[in-house]
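I have placed the structure first, in the form of structure tokens, so that the comments after it can refer back to it.
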Amino acid sequence: MENKKENFSEWYNEIIELAGLTDKRYEIKGMNIWMPYGLKIMHLIDDIIRKYSDEKKFQEVSFPVLISRKQLEVEFEHVKGFENEIYWVTKGGKDTLDVDLALRPTSESAMYTMFPLWIRSHTDLPFKIYQIVSVYRYETKHTRAFIRVREIHFYEAHTAHKDYNDAEKQMNEYLDIWKKIASELCLEYSLDVRPEWDKFPGAKYSIAFDTPMPGYRSLQVGTIHEYGENFARNYNIKYLDENGDLKYVSQTTFGLSERLLAAVIGIHGDDKGLILPYRIAPVQIIIVPIPGEIYDKILEYSRTIMDDLKNMGYRVDIDERDYTPGYKYNDWEMKGVPLRIEIGSREYNENMITLSLRTQKKKIKISRQNLRDVENYLKTVNDDIKSHSLKFFNDNIHMAKSIDDMKNEYMVRAYWCGSKECSDKIEALTEKAALGNIYNDKTSGKCIVCGRDGKLSMFSRTY
RNA sequence: GGGGCUGUGGGGUAGCUUGGUAUCCUACGGGCUUUGGGAGCCUGAGACUCCGAUUCAAAUUCGGACAGCCCCA
């Protein structure tokens with residue numbers, strides 16, 4: 001396998017196919033196949049997203065993939081922001097359509113033509129929905145599996161509120177939800193308030209979740225957006241308040257995608273392959289029986305161990321393929337399984353099992369009576385992933401006191417006045433783009449370029 | 001947005017300069033022997049991205065499309 005540190009790009013391309021996450025050989029650029037193992041991981045990530053969304057009383061919906069040209073003809077910066085990356089359906093069979101249909105690049109214009117029908121009074125608010133669907137963007141840039149694709153596996157939450165203040169509270173709730181999701185995936189992140197010119201089209205402001213990735217670039221793994229009344233005024237979304245007055249709603253959105261998977265692959269993986277947090281591991285525990293004289297009994301014993309673990313609620317499998325144990329160890333390590341159990345004649349005779357953690361070299365023998373201890377070992381693996389992830393995060397973000405300090409390959413924090421001129425200068429000298437001001441940072445300093453008052457900000461090359 | 005490189009069995013490749021017979025490794029099917037950190041032998045099947053041009057003849061030369069990768073803005 002490729003060396004991850006020296007050649008991340010090749011390592012990444014190799015592992016995603018080797019581990020059975022995707023097949024990139026489909027003939028349309030930027031559209032890859034979700035292979036069974038990869039799809040299972042993504043669905044487990046989706047389950048986490050659903051769980052924390054549902055907890056906060058979001059309701060899941062599913063909108064049509066097509067949006068009429070009329071819906072998109074609203075004169076609005078949001079629409080302009082996407083016009084160059086929309087796929088258009090212009091024919092039905094041999095007939096040219098009277099009204100062109102767009103494949104949704106995101107669902108604002110689809111959803112918000114329905115919102116006025118659903119939202120009538122203040123008793124309908126707050127209104128909170130989400131969907132996990134594919135959205136389509138005609139990317140002209142270089143595509144990259146899970147990182148920049150044309151068919152995006154997309155989670156989008158949309159809310160409507162009685163006023164701006166309530167929408168702001170929603171933004172905080174998003175941050176709570178995100179914190180929990182990130183923790184389950186063992187991801188660290190920086191909250192960056194995107195510069196004016198880089199915020200979501202139509203938003204008042206956008207906060208992105210940026211994380212350093214190998215290859216010395218940052219990856220935006222999620223975003224939340226405050227719309228205020230911007231969309232409501234264009235899509236005419238109004239409600240009657242307690243006094244009988246007609247008012248515009250304030251809105252927010254929250255978006256996530258398979259970039260979460262990209263981050264998990266890129267940040268946690270090592271030269272042996274993937275390393276998966278147990279919450280998203282399709283197989284949490286793999287049992288490898290070691291052949292020998294009494295293989296029948298070893299198999300029987302292994303299967304009862306598997307049944308016991310299944311009854312405890314774990315996703316566990318037994319590898320009875322005709323390969324050598326060594327091959328199986330490497331194979332499952334490549335697939336990122338957190339915990340492996342080896343069972344041979346010794347374990348069988350002593351009523352023990354041998355445990356091997358994906359993140360550690362040593363092997364641990366425990367007696368069958370203590371089978372429940374696997375929970376602690378799964379958590380140990382997660383702790384290892386988290387501490388590695390935190391170290392990677394800290395190692396890859398530096399504080400710069402001068403522009404010269406910014407001339408390295410890492411992500412960099414620096415004070416910045418917020419002007420385009422200064423960020424252009426920084427980009428010209430360091431190749432790093434302004435990701436925005438660090439969210440909620442209370443400190444202040446002089447702009448690293450012009451010396452005016454500045455806020456602590458993040459700069460990086462990006463994927 | 002600009003520039004560069006590359007498309008050969010499932011994966012990785014040799015062959016291309018000098019046009020004619022496609023190499024090796026790996027993975028895969030079958031068989032036997034094996035199995036506590038990527039087993040061995042025998043055997044089988046499997047490829048020149050697509051379209052066009054030049055030519056008696058194209059994996060090889062030329063043009064285009066599509067796809068992949070890298071660098072710069």
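Per chain, numbering begins at 1; letters A, B, ... match sequence-line order.
Within a heavy-atom distance below 4.0 Å of RNA chain B, the residues of residues 291-309 of chain A found are P291(A).
Taking the six-membered ring where the residue is Trp, the centroids of Y136(A) and W88(A) are separated by 6.0 Å or more. Centroid-to-centroid, the aromatic rings of Y227(A) and H78(A) stay 6.0 Å apart or farther. For F200(A) and F82(A), the distance between ring centers is under 6.0 angstrom. Aromatic ring centroids of Y314(A) and Y278(A) lie 6.0 Å or more apart. Ring pair H158(A)/Y112(A): centre-to-centre distance below 6.0 Å. Between F76(A) and F231(A), the distance separating the two ring centers is shorter than 6.0 angstrom.
E342(A) comes within contact range of at least one nucleobase, with a heavy-atom separation under 4.0 Å. Note on K361(A): nothing from the nucleic acid sits closer than 4.0 angstrom, heavy atoms only. Contacts of G215(A) with the nucleic acid, taken as non-hydrogen atoms under 4.0 Å apart, are absent.
Separating the CZ atom of R321(A) from the P atom of G29(B) is a distance of 11 Å, rounded to the nearest angstrom. The interatomic distance linking I28(A) (CD1) with C50(B) (C1') rounds to 15 Å, in whole Å. Across the protein-nucleic acid pair, M334(A) atom CE and G37(B) atom C1' stand 15 Å apart, rounded to whole Å. Look at CG on D331(A): it is 14 Å from P on G38(B), rounded to the nearest Å. Distance, M352(A) CE to G36(B) P: 21 Å, rounded to whole Å. Taking atom CG of L18(A) as the reference point, atom C1' of G12(B) lies 12 Å away to the nearest angstrom. In this structure, CZ of R25(A) is placed 12 Å from C1' of A27(B), rounded to the nearest angstrom. Between the CG atom of N330(A) and the P atom of G37(B) there is a distance of 11 Å, rounded to whole Å.
Phosphate proximity of C28(B) to Y323(A): present, with a side-chain N or O under 4.0 Å from OP1 or OP2. For T324(A), no side-chain nitrogen or oxygen approaches OP1 or OP2 of G38(B) to under 4.0 Å.
Every side-chain contact (heavy atoms from CB on, under 4.5 Å) that E226(A) has, sequence neighbours left out, goes to Y164(A), A167(A), E168(A), M171(A), K204(A), Y205(A), T252(A). For the side-chain contact (heavy atoms from CB on, under 4.5 Å) test, residues two or more places apart in sequence or in another chain that qualify with S302(A) are I287(A), P289(A), I298(A), I318(A), I343(A). Evaluation of the side-chain contact (heavy atoms from CB on, under 4.5 Å) rule for E139(A) yields E85(A), K141(A), T143(A), R148(A), R150(A) as partners, not counting sequence neighbours.
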Dot-bracket line, read 5' to 3' along RNA chain B, where crossing pairs take [ ] and | marks a partner on another strand, Watson-Crick or G-U under 3.5 Å: (((((((..(((.......[...))).((((((.....))))))....(((((..]....)))))))))))).
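No hydrogens or angles were tested; on distance alone, nothing pairs the side chain of E333(A) with the base of G38(B) as donor and acceptor under 3.5 Å. Side-chain N/O atoms of K363(A) and base N/O atoms of G37(B) include a donor-acceptor pair closer than 3.5 Å.
Across the C1' atoms, G11(B) and G46(B) are found 13 Å apart, a figure rounded to whole Å. Spacing between G20(B) and G63(B) at atom C1', rounded to whole Å, works out to 24 Å. Separating the C1' atom of A39(B) from that of U35(B) is a span of 8 Å, rounded to the nearest Å. Across the P atoms, G29(B) and A45(B) are found 16 Å apart, a figure rounded to whole Å. Separation of the C1' atoms belonging to A58(B) and C72(B) is 36 Å when rounded to the nearest angstrom. Of the P atoms belonging to G9(B) and A14(B), the separation is 12 Å, rounded to the nearest Å. Between the P atoms of C42(B) and A47(B), the separation comes to 24 Å (whole Å). Spacing between U61(B) and G19(B) at atom C1', rounded to whole Å, works out to 8 Å.
Checking side-chain atoms of S389(A) against main-chain N and O of C186(A) turns up a donor-acceptor pair under 3.5 Å.
Looking at which nucleotide of RNA chain B each of E347(A) and R150(A) is closest to, the 5′-most match is held by E347(A).
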Mind listing the N/O atom pairs, protein and nucleotides 69-73 of chain B, below 3.5 Å?
residue : atom : partner : partner atom : Å
C69(B)  : OP1  : K24(A)  : NZ           : 3.2
C69(B)  : OP2  : H142(A) : NE2          : 3.2
C69(B)  : OP2  : T143(A) : O            : 3.4
C70(B)  : OP1  : S9(A)   : OG           : 2.1
C72(B)  : OP2  : R461(A) : NH2          : 2.8

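The listed nucleotides are A67(B), G37(B), U35(B); the one nearest the side chain of I290(A) is U35(B). Considering only side-chain atoms of S356(A), the nucleotide from G37(B), G36(B), A39(B) that sits closest is G37(B). You'll find that the side chain of D322(A) is closest to U34(B), out of G38(B), G37(B), U34(B).
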Can you list the steps and then say if T443(A) with Y415(A) is a side chain to side chain donor-acceptor pair (under 3.5 Å)? CA-CA 9 Å; T443(A) 66; Y415(A) 287 98; 2.7 Å; yes
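Taking 4.0 Å as the cut-off between side-chain N and carboxylate O, D453(A) and K446(A) count as a salt-bridged pair. Under 4.0 Å is where a charged nitrogen must lie from a carboxylate oxygen, and between K310(A) and D307(A) no such pair does.
E156(A) has its side chain within reach of T106(A): a pair of non-hydrogen atoms, C-beta onward, lies under 4.5 Å apart.
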